[in-house]
Amino acid sequence: MSRPGKNIGIVLAAVVLVGCGGSDEGAGSAPGGSSAPAGSANRGVVLIGFDASEALIGALGQGRIQGLVVQNPIRIGETSVKTLVKSLEKQPVERRISTGEALVTPENYKQPEIDKLIHPARAENVSNASLSGPKSKKWKIIVIPKGTTHEFWESVHAGALKAAEELGNVEITWMGPQKEDDRTKQIELIQSAVAAGVDGIAVAPLDAQALVEPVEAAIARGIPVLAFDSNLDSDRTVSYVATDNYHGGVLAARRLGEVLHGKGRLILLRYAVGSESTEQREKGFTDTLAKEFPEIKMVSDSEYAGPTFDSAQQKAESLLTRYRGQFDAVFCANESSTFGMMRALEGAGMLP
Amino acid sequence: MKEEIEDIEGIRAAGPGRLRNVLQWVWTVVGPFVGLALIAGFFTYLTRGSGHFLSPDNLRTIAGHTMIVGTAALGMTLIIIAGGIDLSVGSTVALVTVVMALFIKKVDPMLPESLRAWHAAVPMAIVVGILTGGLCGAINGGLIAGLRVVPFIITLGTYQAYRGLATWLASSTTIYVPSSMRPSWFGGLVAIQPEPRWLMVSPGVWMLLLLSLFLAVSLKFSLLGRYSYAIGSNEATARLCGINVPGMKVILYAVGGLAAGLAGVLDFAKLGGVGVPTTAAGLELQVIAAVVIGGGSLSGGEGTVLGTLIGCLIIAVLQNGCVHAGIPNAVQDIVIGVIIVVAVTLDRLRRGRAA
């Protein structure tokens with residue numbers, strides 16, 4: 001689904017380049033008014049999203065999305081594995097490691113450092129190692145993402161593999177639930193990994209509370225557990241490696257304020273309850289709006305997109321019918337909800 | 001009445017002759033066992049390098065992972081024996097977790113201090129959860145008997161409706177029960193490493209075994225069990241024999257619902273006291289697969305508790321073994337799919353030869 005978006009993206013990116021001459025970092029001081037989509041009178045709904053897939057970047061190139069906050073999944077994967085191994089080797093590790101986030105806009109997405117962030121390496125969804133053979137390396141760890149369908153996780157996987165290659169003494173098994181809300185499956189994965197005798201576990205918890213028991217059971221058996229991407233309600237994990245999600249939300253809110261010139265009506269489509277990372281983004285976003293852009297009014301902020309593209313699109317479609325003509329902008333806090341919302345806006349003809 | 005039932009049994013048994021019958025029975029019971037042994041052997045071979053696959057720890061883990069599917073599958077066995085099907089199991093489980101979470105959050109603060117110290121709201125919630133499941137099942141049975149629509153359609157409807165109800169009750173979100181309201185034993189109910197250690201496997205597994213024993217005995221000796229086989233073998237004959245078929249259906253689906261409710265309680269405990277309206281999606285298919293792999297026939301009249309348990313174990317061994325061997329999800333699903341088809345085809349072949 002992301003493939004066709006790329007071609008269109010390239011064609012229209014050229015148009016955008018001609019149109020606005022690619023102003024750089026200074027987008028903040030010299031408001032995006034020069035860029036055609038944001039300023040013109042017949043502009044559609046402003047969409048600000050989170051995370052980058054090819055389809056989203058394509059839409060950004062067309063000026064259909066006004067901003068995307070991107071994370072650094074490669075570094076998340078890499079840092080998680082390295083930190084976990086460090087702790088296995090009894091070296092001190094930091095409790096909280098932030099891996100950085102950046103705002104991508106139609107103006108800056110061509111810059112080389114941003115380009116690297118939005119086109120990260122990806123790994124195929126296969127395990128390069130199994131827990132079955134005799135140990136060929138010193139450490140055997142399992143990395144459990146929230147799901148295996150989002151492109152984001154493929155990049156985290158690539159980062160984890162990169163770390164394993166650099167360290168040379170660690171074997172990685174990559175395995176996650178298929179659906180990004182299958183807590184039971186994630187719990188069972190942790191339990192199976194413990195029984196399979198791994199040395200360490202890196203997990204992106206689907207739920208800050210539901211995963212506590214299996215994680216603490218693993219820790220009680222001497223297997224260190226590191227949380228990445230999303231935190232856990234437990235202080236016994238080795239470390240928490242993730243984007244500063246709150247700050248990501250702040251970046252998104254500032255971009256929205258800038259595009260809307262501080263005035264407008266907004267829909268916030270939330271992701272899922274209990275997902276610490278997206279809740280932090282939403283909080284950073286709403287806090288900043290309330291503080292810095294009091295004239296931007298929230299029309300709806302109580303709806304949840306759910307775990308998949310489909311669920312997000314369905315929810316977005318009903319939101320759009322309900323609030324048609326009553327809002328100027330939308331914020332979504334992760335890849336699937338941004339994509340679902342984009343598709344729904346396209347379908348309703350609300351994008352520029 | 002009793003004699004009439006035995007007549008039905010007699011008609012069924014009359015055909016192929018006694019020895020054949022015995023052989024058939026042996027194959028029905030032994031077949032799934034052989035399958036399980038083959039699959040376990042396969043993974044043991046794949047993972048021979050680590051030697052963890054057959055470790056007591058891992059066996060405990062596998063047993064623990066059959067708990068939820070197994071409990072729900074007991075109810076499904078009964079329903080499938082009677083020629084029915086229940087697609088609403090997963091939705092019922094989700095509804096139960098939501099109802100329990102809401103119940104505990106609502107009731108706990110209302111209790112007097114002495115009861116709160118004992119976390120009395122939790123045992124009450126367990127009862128409420130099981131009864132919620134039973135009610136869902138009774139509604140299924142009532143609709144099937146009352147509207148005379150096939151169970152597939154009715155439970156396809158309630159599959160959506162119960163999920164929707166759960167989502168609506170939970171306001172589309174997830175309900176968290178604060179840790180102060182959760183007793184420490186609650187998580188222990190489903191813990192892989194049981195406390196005390198001499199229990200060997202999780203208390204939930206023991207419960208599943210006891211219920212299985214109870215159901216197996218009931219199927220063999222109680223009217224409920226006999227009527228189920230009778231209705232599943234030939235509903236018209238059963239009715240002619242004077243069995244109150246509609247009433248039995250309500251009871252059967254209600255019992256199935258109670259089992260689903262109990263599975264919901266276990267899922268709620270496993271989730272650490274979180275009511276999740278999206279949990280257990282697709283559980284019904286795993287449950288049906290377990291019953292079918294274990295020799296249950298979707299055309300009714302056949303199925304055993306032991307077979308179902310083996311079916312659950314086969315699924316759990318597959319999933320656990322794939323983690324050990326590092327086989328990705330997609331392959332797991334394909335393998336489980338193939339096994340279902342193979343199991344049922346073998347079943348057909350066997351019956352074809354016997355008849």
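Every value quoted in this text rests on a predicted model; they were computed, and no experiment measured them. Note on naming: letters A, B, ... go to the chains in the order of the sequence lines (proteins, then strands), and numbering restarts at 1 for each one.
There is no contact between A:R270 and chain B, counting heavy-atom distances below 4.5 Å. Interface remark: A:P177 contributes backbone atoms only to the contact with chain B (heavy atom separation under 4.5 Å).
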Are A:Q191 and B:Q193 close enough, and set up right, to give a side chain to side chain contact (heavy atoms under 4.5 Å, CB included), and what steps lead you there?
-> CA-CA 10 Å; A:Q191 290 169 341; B:Q193 288 287 349; over 6 Å; no
Given side-chain hydrogen bond (donor to acceptor under 3.5 Å, both in side chains), test A:D233 with B:Y176 step by step and report yes or no.
-> CA-CA 12 Å; A:D233 283 343; B:Y176 290 92; over 6 Å; no
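To the nearest 0.5 Å, atoms OG (A:S192) and CG (B:D57) are separated by 11.5 Å. To the nearest 0.5 Å, the span separating CG on B:N320 from CG on A:L189 amounts to 10.0 Å. Distance check: A:I190 CD1 to B:T61 OG1 gives 12.5 Å after rounding to the nearest 0.5 Å. Note that CE of A:M175 and NE2 of B:H324 are 10.5 Å apart. Values are rounded to the nearest 0.5 Å. Here the straight-line distance linking atom OH of A:Y304 with atom OG1 of B:T174 works out to 8.5 Å at 0.5 Å rounding.
Of the listed residues (A:D182, A:L211, A:D207, A:V212), the one with the most heavy-atom contacts under 4.5 Å to chain B is A:D207.
More than 12 heavy atoms of other residues, nucleotides or ligands sit less than 6.0 Å from atom CH2 of B:W185. Annotation: B:Y45, atom OH; neighbour count of heavy atoms from other residues, nucleotides and ligands within 6.0 Å does not exceed 12.
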Donor-acceptor contacts, no H, no angles, side chain residues 270-288 of chain B, under 3.5 Å, sequence neighbours left out:
unit_1: B:K270; atom_1: NZ; unit_2: A:E188; atom_2: OE2; d: 2.6
unit_1: B:T278; atom_1: OG1; unit_2: A:D181; atom_2: OD2; d: 2.9
unit_1: B:T279; atom_1: OG1; unit_2: B:D267; atom_2: OD2; d: 2.9
unit_1: B:E284; atom_1: OE1; unit_2: B:G90; atom_2: N; d: 3.0
unit_1: B:E284; atom_1: OE2; unit_2: B:G282; atom_2: N; d: 3.3

